[in-house]
Amino acid sequence: MNVQWASGLLLLIALYATLGLCFGLPFVWRGVGRIDPQAEQGSWGFRWMILPGVVALWPLLAWRWWHRRPPPTAWTAHQRGDKGGTAE
Amino acid sequence: MSHAYRAVGWNRQKRLYDLATGLGVVLFLGFFVGGGLWRYPDATVETLLIRGLGTAAILLLHVILSIGPLCRLDQRFLPLLYNRRHLGVTFFLLALAHGAFSIVQFHALGDTNPLVSVLTSNGRFDSVSGFPFQPLGLAALVIFFLMAATSHDFWLANLTAPVWKALHMMVYVAYGLVLLHVALGALQSETAPFYGWLLGLGAVWVFGLQIVAGWRESRLDRGRSEALDSEGFLEVCSVAEIPDARARIVCLAEERVAVFRYGDKISAVSNVCQHQNGPLGEGRVVDGCIVCPWHGFQYDPATGTSPPPFTEKIPTFRVRVSSGRVWVHPQANPAGTRVEPAIVAEATGEAGV
């Protein structure tokens with residue numbers, strides 16, 4: 001990788017992380033309780049703990065906060081089956 | 001579970017686990033650096049610390065990767081699994097310290113941005129000794145960061161367990177990158193083949209354990225009869241094959257079902273815990289609830305629901321006992337649906353739904 005490409009890549013990552021931090025601080029303060037009821041009364045230790053992940057995955061959480069989406073349901077093969085799929 | 005999130009749900013076992021981990025790391029680093037200074041008086045503390053942190057990290061990574069398959073092979077390893085996430089975060093911090101010290105030591109003294117220097121300093125893809133091994137380590141560190149940053153239960157709930165697990169399965173990609181990082185980096189300056197053999201042995205151990213555990217589970221999945229009755233129930237085992245307060249795991253409808261016997265009752269639920277997809281069938285029934293062997297999540301065997309105030313639900317299955325044999329309907333009920341347990345008649349082993 002040449003210096004120009006490396007500098008460009010690091011600049012993009014820095015920009016993404018800066019936007020993530022700008023989003024992340026109000027999100028862990030207010031937004032997280034809007035998308036997950038268990039986070040509404042969450043401790044400050046918990047809020048700081050999730051901040052690095054929020055900075056990394058901020059587009060997903062911004063979309064969820066904007067649309068006020070609750071936590072999704074995890075689907076197993078059995079749960080897909082009881083929604084009309086065939087069993088065996 | 002369903003309550004307000006905290007940073008860490010501390011209990012005695014977690015404190016002991018973390019204390020043992022911390023002590024182990026400090027002692028290892030002390031011996032590595034102290035022993036290194038004694039054996040190689042010309043070596044600098046910085047260099048020994050970089051090597052010690054890297055060695056501690058890769059050793060811990062092997063331990064972490066071994067815990068899952070070892071638990072599948074022998075339940076006595078389960079206490080190690082209980083707090084594996086803390087072990088993972090400890091490993092990440094060691095790897096991060098190794099990376100940070102290396103960048104300061106080898107890349108911060110020039111006039112180029114240190115991170116740019118990491119990405120551009122070695123560029124000979126056609127040479128083993130000149131291969132850019134540092135970007136391989138950096139790429140692995142990025143994956144480990146994502147895993148450590150998403151280790152809280154908040155992420156499990158908000159990414160869903162299957163997505164979270166898929167993200168965390170990237171540890172094997174990162175492990176491969178770490179092997180290359182070490183083989184093309186530190187090992188190139190070693191004259192003795194011992195460390196190369198050790199690295200190879202570690203890889204054979206990790207992948208060998210996974211293969212053995214997977215082979216054993218697939219054998220268990222296949223080892224049942226295919227007898228279906230007129231109502232679509234499938235014969236899975238005899239009542240006597242299920243120890244009291246334990247389960248027999250069978251594979252139905254693409255996923256495992258845990259058939260529990262508790263006293264004179266038999267119930268069948270999905271084997272997949274809502275928390276981290278832990279194997280419920282390897283847990284036991286305590287005080288009337290199935291307890292997941294991984295993190296202690298509880299479910300009523302008849303309804304598949306966690307006791308209040310918790311709200312987790314898993315699918316249940318219709319079950320019946322006839323002539324001492326257990327039959328399960330492979331069609332899952334919606335998560336949380338109550339199914340009356342089959343009752344085992346004591347004298348004859350006969351029972352109804």
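Computed from a prediction, not measured in an experiment: that's the story for all the values here.
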Measure the shortest side-chain to side-chain distance between [X] and [Y] over non-hydrogen atoms and say whether it is less than 4.5 angstrom.
| X | Y | result |
| --- | --- | --- |
| Ser43(A) | Tyr5(B) | no |
| Val54(A) | Trp155(B) | yes |
| Thr120(B) | Asn2(A) | no |
| Val3(A) | Leu119(B) | no |
| Asn158(B) | Arg64(A) | yes |

At their closest point, which heavy atom of [X] faces which heavy atom of [Y], and how far apart are they?
| X | Y | value |
| --- | --- | --- |
| Gly45(A) | Ala7(B) | C-CB, 3.5 Å |
| Phe46(A) | His152(B) | CD1-CE1, 3.4 Å |
| Gly42(A) | Ala4(B) | N-CB, 4.3 Å |

[X] atom [atom1], over 12 foreign heavy atoms within 6.0 Å:
| X | atom1 | value |
| --- | --- | --- |
| Trp5(A) | CH2 | no |
| Trp10(B) | CH2 | yes |
| Trp48(A) | CH2 | no |

Worksheet item: Which region of Leu115(B), side chain (C-beta onward) or backbone (N, CA, C, O), has a non-hydrogen atom less than 4.5 Å from a non-hydrogen atom of chain A, or is it both or neither?
Response: both
Practice prompt. Tell me, for Leu10(A) versus chain B, whether the close heavy atoms (under 4.5 Å) come from the side chain, the backbone, both or neither.
Written response: side chain
Practice prompt. Check whether Leu51(A) gets within reach of chain B through its side chain, its backbone, both or neither, counting any heavy atom under 4.5 Å.
Written response: neither
Worksheet entry | Reported CG-to-CG distance for the pair Asp36(A) and Asp153(B), which is rounded to 0.5 angstrom | 10.5 Å
Worksheet item: Which is it for Val8(B) and Met49(A) under the side-chain contact (heavy atoms from CB on, under 4.5 Å) test, yes or no, and what are the steps along the way?
Response: CA-CA 9 Å; Val8(B) 181; Met49(A) 191 171 270; 4.0 Å; yes
